[in-house]
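Just below is one structure, and these are the notes that go with it.
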Amino acid sequence: MTAQGGLRYVYAVCRPFTAALQAQLTGVAGAPPALLRHHGLVAVVSTVPEGDFAEEPLRNHLEDLDWLAATARAHQGVIDALTTVTTPLPLRLATVFRDDSGVRTMMEAREADFLRALDRLDGRVEWGVKLYADPPEEAPAPAGRPASGRDYLRQRRMRTRAQEEKWRAAEEFARILHQRLSERAEDSRLHPPQNAMLSGVSGQNLLNAAYLVPRADSEEFVELVDRTKDEAPHMRVELTGPWAVYSFTEPAAEPVPAPTTGPAQPAEAGEQR
């Protein structure tokens with residue numbers, strides 16, 4: 001099946017597969033995804049209107065957070081559906097080509113890279129693990145006034161030292177958790193900690209990692225994560241997935257590229273959770 005008319009929005013590249021996608025699945029701009037075959041690869045594409053996805057209108061849309069969020073949800077919905085039936089290599093959000101020929105040119109240019117990545121990642125999924133630590137409670141000040149300024153400074157140093165020790169213990173737990181999970185995964189990636197002010201999630205993010213796990217071993221990996229959730233007080237472990245292997249497709253790409261219509265640079269998988 002090949003998309004007809006309009007521009008081509010590309011979600012992912014994968015090997016040919018026989019399992020059917022969800023019957024009512026729609027992607028960006030409400031269009032159903034289609035499969036564009038080229039040699040031993042398949043590009044998952046849909047048709048999008050040029051009035052929204054040509055270079056200039058797309059650039060304007062990428063500054064509209066509501067439009068961008070809706071497009072990202074539709075994009076991710078197609079990737080999630082693909083992940084249940086095959087191993088997709090997700091492309092950057094808003095990767096657009098003028099026609100089928102442009103998509104095939106991209107696949108031809110990167111065919112060897114795509115096939116190597118698919119050989120390495122076939123049958124594997126990505127799990128995300130985040131560890132949050134609540135701010136350590138400050139020890140209450142001793143009853144009564146300090147006998148002297150020196151006593152006050154000593155008490156203050158002791159409370160500060162106690163807080164620092166709690167943070168060190170939390171950081172050590174994060175290190176041990178990452179080591180333990182990495183031993184049960186084929187590969188791992190450490191991402192920068194999330195900023196609580198930007199993410200809106202409470203607590204200090206001490207671990208933000210992705211783990212490459214064979215699909216067949218995922219249940220065991222999830223159980224391992226679950227067993228860690230009560231090991232340390234004032235710590236919160238968050239597990240997400242299974243995802244397409246965003247973090248393990250090389251080279252890593254920016255989440256949102258410059259608009260591409262017509263001849264375009266091929267897009268690689270990007271981090272998005």
Tell me whether the rings of Phe221 and Tyr211 are parallel (<30°), tilted (30 to 60°) or perpendicular (>60°). tilted

Here the side chain to side chain donor-acceptor pair (under 3.5 Å) pairs for residues 15-36, sequence neighbours left out, are Arg15-Asp119

Please name all residues satisfying side-chain hydrogen bond (donor to acceptor under 3.5 Å, both in side chains) with Arg184, sequence neighbours left out, ordered by chain then number. Glu220

Are Arg168 and Glu172 within salt-bridge range, i.e. N to O under 4.0 Å? no

Please examine the side chains of Tyr11 and Ser46, heavy atoms only from C-beta on, and report whether any two atoms are closer than 4.5 Å. yes

Below 6.0 angstrom between ring centroids: does that apply to Trp67 and Phe53? yes

Partners of Gln179 by side-chain hydrogen bond (donor to acceptor under 3.5 Å, both in side chains), sequence neighbours excluded? Arg175

Indicate yes or no: at least one non-hydrogen side-chain atom of His178 is less than 4.5 angstrom from one of Leu131. no

Side chains of Pro32 and Leu25 in contact at under 4.5 Å (non-hydrogen atoms): no

Could you pull out every donor-acceptor pair under 3.5 Å between side chains of residues 80-89 and any protein atom, sequence neighbours left out?
residue : atom : partner : partner atom : Å
Asp80   : OD1  : Gln76   : NE2          : 2.7
Thr83   : OG1  : Ile79   : O            : 2.8
Thr84   : OG1  : Ala81   : O            : 2.7
Thr87   : OG1  : Gly123  : N            : 3.1

Between Trp127 and Ser218, does any side-chain donor sit less than 3.5 Å from a side-chain acceptor? yes

With sequence neighbours left out, what residues match Asp226 under side-chain hydrogen bond (donor to acceptor under 3.5 Å, both in side chains)? Lys229

Tell me, please, which residues at least two apart from Asp187 pass side-chain hydrogen bond (donor to acceptor under 3.5 Å, both in side chains). Arg189

Charged N to carboxylate O below 4.0 Å: is that the case for Asp99 and Arg8? no

